[in-house]
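Everything below concerns the one structure shown next.
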Amino acid sequence: MSKTAATASPAAVDPSRWKALVFIALAQLMVVLDATIVNIALPSAQTDLGISDGNRQWVITAYALAFGGLLLFGGRIADKWGRKNAFVIGLIGFALASALGGAATGEAMMLGARALQGAFGALLAPAALSLLAVTFTDAKERAKAFGIYGAIAGGGGAVGLILGGFLTEYLNWRWTFFVNIPFAIVAAAGAWMVIREPAGSRNSARLDVPGVILSTLGLVALVYGFTRAESAGWSDEVTVGLFVGSAVLLAAFVFVESKVKSPLLPLRVLLERNRGGVYLSLGLAVISMFGLFLFLTYYLQVVKGFSPVKTGFAFLPMIAGMIAGSTQIGARLMTRVAPRLLMGPGFLLAGAGMLMLTQLEVGSSYPALILPAQLLLGLGMGTAFMPAMSLSTYGVDPADAGVASAMVNTSQQVGGAIGTALLNTIAASATTAYLTDHAAEAAAGGAAGKLVQAQAMVEGYASAIWWAVGILVVSAGIAFALINTGRPGSGGPVASGSGAAEDSEIKVPVIAH
């Protein structure tokens, strides 16, 4: 059966929805900031806490494993408990974990705090996106709301580099944790007062415990596999074992989800071509983004000699581009053109910016090369992120909004793990090959030897960025090929849920199957 698009009735519209957006956006900014802000502080924290070189990666990995592994569980908990409740609890827990990390006196305390941050982040992130999805149902308002959210989701990581540089350089590394506390308190208090979750949108089905166990273990194995591959190599026995184990666990998860009455992740959420296209194209695009953050940070600090603060400010053009792409291009055009006509060209524009960066050299000019490349990259990603975020939950049964939101975060988390490991491996191989070819010059020492070392690093970065360009082109191809929904309210094909959405207070477009 089919039904024409409808919007929420006036009675169903939350009069405080724009105030709610402020606190949802603030919470999202905190989560995204934390993904990069700690990276800047890690060297100082490692020295103060006596963390060994072998274990320092666990400051990042402990967060990534808990966050990535528990996202689907967190999304379903939000569906069952209520998204507002999950949102507030996630914020409070994240603040407490941040306080623990800032007060850490040793390695174990730090790693425990990071794991707790990841766990509460896995509850908070899908709750934030699903609250946005069920609160903003009018097409034009949804475009504006998701434009703001998309700008934060895309540019928050770069903001984290700036803030992390300031806090580390002028205060100390502990403030990269403590800074989360006021964010969380303001967002939790505001959310408690102004957010009104629509009635009838909770999922009352029993929790799929086998699905929780299989998905958590499978995602943890996958994320850790890519993290370990970066340091131990792709042929390492444990690395290979993690990938094999992840494949088996996730295959078993899909099988279980197809059989149980109340699955953790209903396959209809994943297999609907528009949402599936979003998850896949966005996950691939994030591979490129995370790799670029890593390479540009090292290039600017190690090769160009920028301070942490100056490095952070060097990312401002990308942030400006993302904000403009999300709020001025994506949000304005989303109600006028089909999402694929924003996502596909957006990824290609980002790829053009990335292509410019393949020309990096030791003496490259920041204003002439890096700045315009970042602007293009930011504009493209901002334009693509906004409709992607909106489409990822558009038309889904409100009772599944949390787990659908979790899938967006999962695709980005897995994409980030792959990007860091894969592109770093490619860069390291190219650097080694360059040094092998110029071994005599490198062994000469002095200024000439240092120049060869720097050139080798830049050669590695450029080689990996070429791969990032290709990945963005593939992302664009997936967006063009899989995403066939029309613009919101146009009556064209749209993402759909189980059909239960038709009887909910939130009226969303559905399509005949």
Side-chain angles (χ1 to χ4, degrees), residues 28 31-36 39 60 63-65 67-68 71 118 121-122 125-126 129 149-161 219 222-223 225-227 229-230 275-297 315 318-319 321-322 325-326 330 343-344 346-351 353-354 357 374 377-392 405-426 464-465 467-479 482-483:
Q28 175 65 12
V31 172
V32 177
L33 282 176
D34 199 71
T36 54
N39 291 11
I60 306 300
Y63 178 88
L65 293 183
F67 187 76
L71 271 168
L129 182 55
Y149 188 90
I152 291 171
V159 176
L161 295 172
L219 288 171
L222 183 63
V223 173
F226 281 111
T227 303
E230 184 183 358
R275 282 193 293 272
V278 167
Y279 300 148
L280 187 55
S281 62
L282 205 56
L284 286 172
V286 168
I287 292 176
S288 300
M289 285 295 295
F290 268 67
L292 184 71
F293 280 149
L294 178 70
F295 298 141
L296 269 188
T297 299
F315 280 95
M318 189 185 300
I319 299 171
M322 285 183 174
S326 288
M343 290 180 62
F347 288 137
L348 290 177
L349 184 61
M354 199 78 79
L357 290 174
Q374 286 196 60
L377 188 64
L379 278 170
M381 283 298 196
T383 300
F385 262 59
M386 200 285 300
M389 290 290 181
S390 178
L391 190 58
S392 65
S405 302
M407 270 304 302
V408 186
N409 287 282
T410 299
S411 68
Q412 292 182 78
Q413 186 67 23
V414 172
I418 296 171
T420 303
L422 177 63
L423 296 183
N424 201 41
T425 301
I426 293 168
I465 291 171
W467 280 78
V469 172
I471 291 169
L472 283 171
V473 171
V474 172
S475 295
I478 291 171
L482 290 185
I483 297 172

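One is the number of the first residue; the rest follow in order along the sequence.
- S475 OG to M381 CE: the interatomic distance, rounded to the nearest 0.5 Å, is 7.0 Å.
- Between A464 and F295 the shortest heavy-atom distance is CB-CE1, 3.4 Å.
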Starting from the C-alpha separation in whole Å, work towards a yes-or-no answer on side chain to side chain contact (heavy atoms under 4.5 Å, CB included) for L472 and L348. CA-CA 7 Å; L472 283 171; L348 290 177; over 6 Å; no
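- Considering every non-hydrogen atom in both G121 and P126, the closest pair reads O-CD, 4.1 Å.
- The residue from V469, I471, L349 that alone fulfils the side-chain contact (heavy atoms from CB on, under 4.5 Å) condition with M354 is V469.
- L377 and A350 get closest at one heavy-atom pair: CD1-O, 3.3 Å.
- Using a distance-only test at 3.5 Å, with no hydrogens or angles considered, no donor-acceptor pair links the side chain of T383 to the main chain of G346.
- Side-chain atoms of V278 and I483, non-hydrogen and from C-beta on, do get closer than 4.5 Å to each other.
- Minimum heavy-atom separation, Y279 to S392: OH-O, 3.5 Å.
- One distance of note links CG of L284 with CG of L280; it measures 5.0 Å at 0.5 Å rounding.
- Across all their heavy atoms, M343 and P387 have their closest contact at CG-CG, 3.8 Å.
- Going from atom CE of M318 over to atom CG of L379 covers 11.5 Å, rounded to the nearest 0.5 Å.
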Evaluate L222 against V414 for side chain to side chain contact (heavy atoms under 4.5 Å, CB included), listing each step before the verdict. CA-CA 8 Å; L222 183 63; V414 172; 3.8 Å; yes
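- What you find for F315 and L296 is that their closest heavy atoms are CZ-CB, 3.7 Å.
- Residues V223 and F67 are not in side-chain contact: their nearest non-hydrogen atoms beyond the backbone lie 4.5 Å or more apart.
- Annotation: side chain of R275 is not in contact with side chain of L391 (no heavy-atom distance under 4.5 Å).
- Taking CH2 of W467 as the reference point, atom OG1 of T425 lies at 11.0 Å (rounded to 0.5 Å).
- The line from CE of M407 to CG of L129 is 12.5 Å long, rounded to the nearest 0.5 Å.
- A side-chain donor-acceptor contact under 3.5 Å links S326 to the backbone of G382.
- Distance check: Q374 CD to I319 CD1 gives 8.5 Å after rounding to the nearest 0.5 Å.
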